[in-house]
Amino acid sequence: MSESQVWDDVDDYFIGQLAPDDEVLEAALRDSEAAGLPEIAVSAAEGKLLHLLAQIQGASRVLEIGTLGGYSTIWLARALPADGRLVSLEFSPKHAEVATRNLARAGLDKVVEVRVGPALESLAELADEEPAPFDLVFIDADKSNNPHYVEWALKLTRPGSLIIVDNVVRGGRVADPDNTSPDVQGTRTAIELIGSHARLSGTAIQTVGRKGYDGFALARVLA
């Protein structure tokens, strides 16, 4: 049995025991695939992790950068209290349309607001509104802009907030100093920013499973 098959089998076991998809989540994935969206949504195991982190955090306000088809959005929004709010930013109108339908089917259209446009522009507009601080920020968009997204997350959060950056391992390429691709450079810069910023304390975890070899960074905003 290959190593990747072992990863898949273990992932399937953990997901089956701890994070089984329900019909709403499965429908979100099916509709996203049918619409031609890239199959890059978080795994069910990571979705459950996001859900638990939001609950542990006691989050009532969540910011998501990168909606795709709304799969991770559903996991996060389900962790919020009745008066909670989630703002999700998506560049692609097509992706946002699919996500909006998926969120409506999940009964979360009153909880989640999907904003369409380049995330850096949407973040500036959001900041101009002077919203209440977000308790958790999940960053899962174009990787070249990861450092900018982390900087914006700092502006829109409070001491104690969590910032999660997905897909930071890049198949191991993040540790290759000779790799100059924008996604790797952006991710590396974001990791270095988390490690050096006086208002952040963070770590990064490597993962294997259905999504291959990757990982995520987790940072807490300090006073």
Side-chain angles (χ1 to χ4, degrees), residues 42 50 53-97 99-100 103 108-168 182-183 185-202 204 216-223:
V42 302
L50 293 172
L53 286 172
Q55 287 183 321
I56 293 166
Q57 180 71 356
S60 61
R61 290 180 54 79
V62 170
L63 173 62
E64 179 182 52
I65 304 174
T67 316
L68 195 61
Y71 182 77
S72 58
T73 320
I74 293 171
W75 276 109
L76 285 164
R78 283 178 167 179
L80 299 179
D83 61 347
R85 189 70 175 160
L86 190 154
V87 177
S88 189
L89 310 181
E90 173 55 48
F91 174 77
S92 166
K94 177 182 178 181
H95 295 181
E97 181 181 350
T100 299
L103 290 162
L108 296 168
D109 47 321
K110 300 296 190 296
V111 177
V112 179
E113 176 189 3
V114 179
R115 299 192 179 193
V116 182
L120 293 179
E121 295 179 11
S122 297
L123 287 163
E125 293 168 359
L126 183 60
D128 286 343
E129 298 168 13
E130 299 182 352
F134 290 96
D135 306 303
L136 185 150
V137 179
F138 178 49
I139 300 171
D140 189 13
D142 55 309
K143 312 309 174 186
S144 61
N145 278 316
N146 273 343
H148 302 302
Y149 296 147
V150 172
E151 289 169 347
W152 273 111
L154 268 171
K155 296 175 184 177
L156 292 165
T157 51
R158 57 168 177 80
S161 293
L162 294 182
I163 301 172
I164 305 160
V165 185
D166 202 16
N167 307 127
V168 298
D183 65 318
Q185 288 189 319
T187 299
R188 189 182 294 124
T189 302
I191 294 295
E192 292 168 358
L193 174 61
I194 291 170
S196 62
H197 202 288
R199 292 188 57 225
L200 288 173
S201 176
F216 62 92
L218 174 66
R220 185 171 187 265
V221 179
L222 307 176

I'd like to check [X] versus [Y] (side-chain heavy atoms, cut-off strictly below 4.5 Å). Are they in contact?
| X | Y | value |
| --- | --- | --- |
| P131 | R61 | yes |
| D135 | S60 | yes |
| N145 | H148 | yes |
| T187 | N167 | no |
| V111 | L80 | yes |
| Y149 | L120 | yes |
| L89 | T67 | no |
| L53 | I164 | yes |

Side chain to side chain contact (heavy atoms under 4.5 Å, CB included) evaluation trace for V221 with R158: CA-CA 7 Å; V221 179; R158 57 168 177 80; over 6 Å; no

Pairwise distance [atom1]([X]) to [atom2]([Y]) - rounded to 0.5 angstrom:
| X | Y | atom1 | atom2 | answer |
| --- | --- | --- | --- | --- |
| T100 | E97 | OG1 | CD | 8.0 Å |
| D183 | R188 | CG | CZ | 10.0 Å |
| L63 | I163 | CG | CD1 | 9.5 Å |
| L76 | L50 | CG | CG | 5.0 Å |

Donor-acceptor pair, distance only, cut-off 3.5 Å: does the side chain of [X] make one with the backbone of [Y]?
| X | Y | result |
| --- | --- | --- |
| S92 | H95 | yes |
| R85 | V62 | no |
| E90 | L68 | yes |

Salt bridge present between E129 and R115 (N-O < 4.0 angstrom): yes

Search all heavy atoms of [X] against all heavy atoms of [Y] and return the closest pair with its distance.
| X | Y | result |
| --- | --- | --- |
| W152 | A127 | CZ3-CB, 3.4 Å |
| I194 | A219 | CG2-CB, 3.9 Å |
| I191 | A204 | CD1-CB, 4.4 Å |
| P147 | G186 | CD-O, 3.1 Å |
| A77 | L108 | CB-CD1, 3.8 Å |
| G70 | L103 | O-CD2, 4.4 Å |

Working for side chain to side chain donor-acceptor pair (under 3.5 Å), residues E113 and S88: CA-CA 6 Å; E113 176 189 3; S88 189; over 6 Å; no

Side-chain donor-acceptor contact under 3.5 Å, S72 with E64: yes

Within 6.0 Å of CZ in R220, more than 12 heavy atoms from elsewhere: no

Test side chain to side chain contact (heavy atoms under 4.5 Å, CB included) applied to V165 and N146, step by step: CA-CA 8 Å; V165 185; N146 273 343; 3.9 Å; yes

Residue among L86, L126, L162 satisfying side-chain contact (heavy atoms from CB on, under 4.5 Å) with F134: L126

Partner of F216 under side-chain contact (heavy atoms from CB on, under 4.5 Å), chosen from V42, D140, D166, I139: D166

